[in-house]
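Some notes on the structure that comes next.
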Amino acid sequence: MTVVGPGALGRVFAARLSRVAPTALVARSRERAAALAEGYDLVLPAGRHERVRLPVFGPEEAPPARWAVVLVKGPDTEAAARVAGAVAVEGVLSLQNGWVRERLRAAVAGRVPADQGATTAAAMREEGRTVWVAAGETWLPPAFAPLAARLTAAGLPAEATPEVAARRLEKLAVNLVVNPLTAVLDLPNGGLLDPELWATVRDLVLEMHPVLAARGPLPDAEELLARIRAVLTATAANTSSMRADVRAGRPSEIEELTGVLLAWARAGGRALPRHEALYRMVRALEQVHRGEPLEE
């Protein structure tokens, strides 16, 4: 097994998979691989700490593996997919945020099957530690059934199912609201449950729903709102990945989320003014936090 991407969730997946199969972690560079090879502290959901030491490689030295799991930020998709496609024997699975299916497949270039699943597993970095927040659930395309079995055995409940298309689109819908809105407002997830802000959440869902529903199976708008409320309630104290990226001056996944939505809307001849405004605000915040002049 190979996990490409040593972020918080990548570290969790690699640590758990190593319990059921030889597993390697691939970092962005040889230097980062050398530092990570010294090990990292993992905090389990029950609060217990463990020290994890895994084989870690730079992209040029990654060894062959039966399966490769890609868990990088959206902007790093192509580079990670090329590495994964070069080492995987049976398939490459992305569990990234946003919509990267087409880019993933193009980068793998048909060498092995490649597709995107969806996961509600959660992890974060905190004070130098990796905190595994929740095992969640993971959905994979049917062709990835052997990998689903490995994940489940590793304590990461997974299912290979034709319903992955619906799960993938629903996760995108949740992230399209939660991530950019918490980044712009600089709030933890639970802040969006404020009645005044909930009205904005509703407006965003109603605006985007026809565009997403044209792309595949999706709950109706009211059911989707109920699911978003459940996510916000369960993760009330959490900081979304986009909020964390913007505050740290890192590139966010706004292109893989709202950028994709706006492109779909344009292709269908629809205008999404609220999402367009969020997109522009996140891009502006990225520039501000990097100390760059704002674009005219």
Side-chain angles (χ1 to χ4, degrees), residues 1-18 21-43 50-89 91-98 100-109 111-112 114 116 119 121-132 239 241-257 286-287 289-292:
M1 302 289 300
T2 292
V3 176
V4 183
L9 201 55
R11 295 184 187 196
V12 168
F13 270 66
R16 302 309 295 179
L17 283 167
S18 70
T23 301
L25 190 55
V26 179
R28 182 179 300 189
S29 66
R30 292 175 179 173
E31 294 73 20
R32 296 186 70 176
L36 196 55
E38 297 178 4
Y40 55 91
D41 292 320
L42 178 64
V43 183
E50 63 180 41
R51 185 71 177 173
V52 178
R53 297 181 70 93
L54 296 170
V56 188
F57 299 88
E60 300 85 0
E61 298 88 13
R66 184 176 178 187
W67 301 96
V69 180
V70 177
L71 277 163
V72 298
K73 295 289 185 179
D76 297 323
T77 296
E78 283 79 7
R82 285 192 290 270
V83 172
V87 304
V89 174
V92 173
L93 175 74
S94 163
L95 290 175
Q96 299 165 258
N97 278 338
V100 300
R101 292 185 75 204
E102 292 78 11
R103 290 166 53 193
L104 178 87
R105 288 171 165 177
V108 172
R111 288 187 289 271
V112 291
Q116 185 173 9
T119 186
M124 63 181 181
R125 300 289 301 282
E126 184 180 79
E127 299 177 352
R129 301 170 300 176
T130 299
V131 181
W132 183 14
T239 286
S241 60
M242 189 172 293
R243 180 189 181 213
D245 286 341
V246 166
R247 295 176 77 182
R250 298 187 295 261
S252 77
E253 294 176 313
I254 192 67
E255 294 295 342
E256 289 72 27
L257 291 169
E286 287 179 328
Q287 291 176 268
H289 282 273
R290 288 198 299 264
E292 299 174 359

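All values reported here derive from a predicted model rather than from experimental measurement. Residues: numbered from 1 along the sequence shown. What's counted below: heavy atoms across the whole structure, side chains too, no hydrogens, waters or symmetry copies.
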* Look at Asp41 together with Arg129 and state whether they make a salt bridge at an N to O cut-off of under 4.0 Å. => no

* Asked: Arg125: what forms a side chain to side chain donor-acceptor pair (under 3.5 Å) with it, not counting sequence neighbours?
  -> none

* With sequence neighbours excluded, residues passing side chain to side chain donor-acceptor pair (under 3.5 Å) with Arg103 -> Glu78, Glu256

Can any side-chain N or O of [X] pair as donor or acceptor with the backbone N or O of [Y] at less than 3.5 Å?
X      : Y      : answer
Glu286 : Pro251 : no
Gln116 : Ser94  : no
Arg53  : Glu38  : yes
Glu253 : Gly74  : yes

* Is any side-chain heavy atom of Thr130 less than 4.5 Å from a side-chain heavy atom of Val43? -> no

Name every donor-acceptor pair, under 3.5 Å, that has one atom in a side chain of residues 4-18 and the other anywhere in the protein, sequence neighbours excluded.
| residue | atom | partner | partner atom | Å |
| --- | --- | --- | --- | --- |
| Arg11 | NE | Pro6 | O | 2.8 |
| Arg16 | NE | Ala154 | O | 3.2 |
| Ser18 | OG | Ala15 | O | 2.6 |

* Structure fact -> side chain to side chain contact (heavy atoms under 4.5 Å, CB included) with Leu95: of Val70, Val3, Leu71, only one passes, and it is Leu71

With rounding to the nearest 0.5 Å, note down the distance linking [atom1] in [X] to [atom2] in [Y].
X      : Y      : atom1 : atom2 : answer
Phe57  : Leu36  : CZ    : CG    : 12.0 Å
Lys73  : Arg28  : NZ    : CZ    : 11.0 Å
Glu126 : Thr239 : CD    : OG1   : 10.0 Å

